[in-house]
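We name chains A, B, ... by the order of the sequence lines, and we start the count at 1 in each one.
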There are 2 protein chains.
Amino acid sequence: MITSTVENYLKRIYLEQQTDPAALVPMGKLAAVMQVVPGTATAMVKTLADSGLLEYEPRGGIRLTPGGEQLALHVLRRHRIIELFLVETLGLDWSEVHEEAETLEHAVSDKVLERMDRLLKHPRFDPHGDPIPPAKGRMPTDTLIPLTSLQPGQRADIARVSDQDPAFLQFIDRSGLTPGTTIQLQAHDPQADAYVLKILPKGRVSLGSTAACKILVREA
Amino acid sequence: MITSTVENYLKRIYLEQQTDPAALVPMGKLAAVMQVVPGTATAMVKTLADSGLLEYEPRGGIRLTPGGEQLALHVLRRHRIIELFLVETLGLDWSEVHEEAETLEHAVSDKVLERMDRLLKHPRFDPHGDPIPPAKGRMPTDTLIPLTSLQPGQRADIARVSDQDPAFLQFIDRSGLTPGTTIQLQAHDPQADAYVLKILPKGRVSLGSTAACKILVREA
DNA sequence: CATTCTTTTTTGAGTAATCAAACAGTTATT
DNA sequence: AATAACTGTTTGATTACTCAAAAAAGAATG
């Protein structure tokens, strides 16, 4: 039985995997992101391994099997389509839809999901700029770099904001740094830890590295 | 903690209560509609009674407390708004939305629900003609009678179809007997167990009592 | 290399929901 | 009234998920 707990574990493991595709996901990391004690993660991982959804190296870490990854991508697809649907169709604020989608992603059927997808005209990105896994086929790979990697003077388009904290997302909104915006790095002062951006066509904002590295851009 | 299991019990108890508001709901009936063995119903009812959601007379039956009823109505409101939303906004067929709503009613937040309600312009009835409990205030009482109580020659408007079986709902659709339709009972032959209806402006159909009593009408 | 620290696993226990089957009341029937 | 039939309750087990705390394995450090 694929419970919503299992779906959440798979989704979280997939996302951790993406941060370093070569390495195994350590148990401690999994327990931390799932907000459970380590023993709980160990127990769950054993049953997921028995179901063939992941490979488990005791004291080494875990990695999803192709089957587990497919399931994780399906959950992620649901999550992201729902986020976009909540923003586009129901008019919720993009800062609050992540939490809502965390619950709904386990409740919408494939039929309802595909209706949402159709209504949204088969979108490729969610409101945060995260790519929506297609119903079938590979996940599109897209080379994004953090704002912190730009050279002064360089232009780029904001592609993704990788933080789900509503307060941060509201700040991004207020500052006019939502995905799709074109910016130019005007200056980077390492001593001040300040990235000064020009927002095109008009506007200017200064960010510290903590905020700047959450903003992923596509070089112009 | 109000789990979705608890929500389902309360909803089902409320609906059973409505069939005979004076009587207590017997345990056997509850177990049957919840599709659990009687012992499970007894166990659950005890914990619901301890939470103050219902009154339990051992070997007598149960009745929701005002608190339990309020919660049940909240679940029913979610269920029915979701059903209408699925039909109106996502274009699902009314015969299939009941099942979908059974899951979603436990997953949509109040915020999302009120957005749906607003988008649907604060509807008063779901696709089956069942009244949507208001966010606050009493449930509107509306005196409907089954088609079987009409006198030959009498006109009435179909108000509600009280069966969630997709096959039956599809038949209703095909026959043109959806809520809102005006009909006239042309003849009732008790021997043949046949109710012959004229569908206005045009059409004619004959129903047996099993089907006819599931169709509730408002006298014209 | 022996000790300490960190990470992970194991063990034991608890909660929510369920079933099977034994048991106990109630009502009905002879 | 005795027995049968029905309805409801109790008991004991199971599954999925969780925590707390003890134990073990590895890594780091003096």
From the options [options], select the nucleotide whose nearest atom is closest to the side chain of [X].
| X | options | answer |
| --- | --- | --- |
| T5(B) | dT18(D), dA17(C), dT9(C) | dA17(C) |
| R59(A) | dA24(C), dT18(D), dT9(C) | dT9(C) |
| V37(B) | dA20(C), dT18(C), dA20(D) | dA20(C) |

Item to complete: Check every strand shown and say whether G28(B) touches a base, only sugar-phosphate, or nothing at a heavy-atom separation below 4.0 Å.
Response: sugar-phosphate
Worksheet item: With a 4.0 Å cut-off on heavy atoms, is V36(A) in touch with a base, just the backbone sugar-phosphate, or nothing at all?
Response: sugar-phosphate
Rounded distance in Å - [atom1] ([X]) to [atom2] ([N]):
| X | N | atom1 | atom2 | result |
| --- | --- | --- | --- | --- |
| Y9(A) | dT18(D) | OH | C1' | 8 Å |
| D50(B) | dA17(C) | CG | P | 13 Å |
| E7(B) | dA16(C) | CD | P | 16 Å |
| K46(B) | dT9(D) | NZ | C1' | 7 Å |
| Q35(B) | dA20(C) | CD | P | 14 Å |
| L48(B) | dT15(C) | CG | P | 17 Å |
| L24(B) | dG8(D) | CG | P | 11 Å |
| L30(A) | dT18(D) | CG | P | 11 Å |

Worksheet item: Less than 4.0 Å between a side-chain N and a carboxylate O, is that true for E105(B) and R80(B)?
Response: no
Fill in: Check ion pair E57(B)-R63(B) (N to O, under 4.0 angstrom)
no
OP1 or OP2 of [N] less than 4.0 angstrom from a side-chain nitrogen or oxygen of [X], does that happen here?
| X | N | result |
| --- | --- | --- |
| Y56(A) | dT8(C) | no |
| K29(B) | dT7(D) | no |
| T42(A) | dT9(C) | yes |
| T40(A) | dC17(D) | no |
| T3(A) | dC17(D) | yes |

Worksheet entry | Any donor-acceptor pair under 3.5 Å from D189(B) side chain to A192(B) backbone | yes
Discussion item. With side chain to side chain contact (heavy atoms under 4.5 Å, CB included) as the criterion, how do L92(A) and E100(A) come out once you've worked through the C-alpha distance, each side chain's angles and the decisive distance to 0.1 Å?
Written reply: CA-CA 10 Å; L92(A) 269 74; E100(A) 299 280 354; 4.1 Å; yes
Fill in: Inter-residue atom distance Q35(A).CD - R12(A).CZ, 0.5 Å rounding
9.0 Å
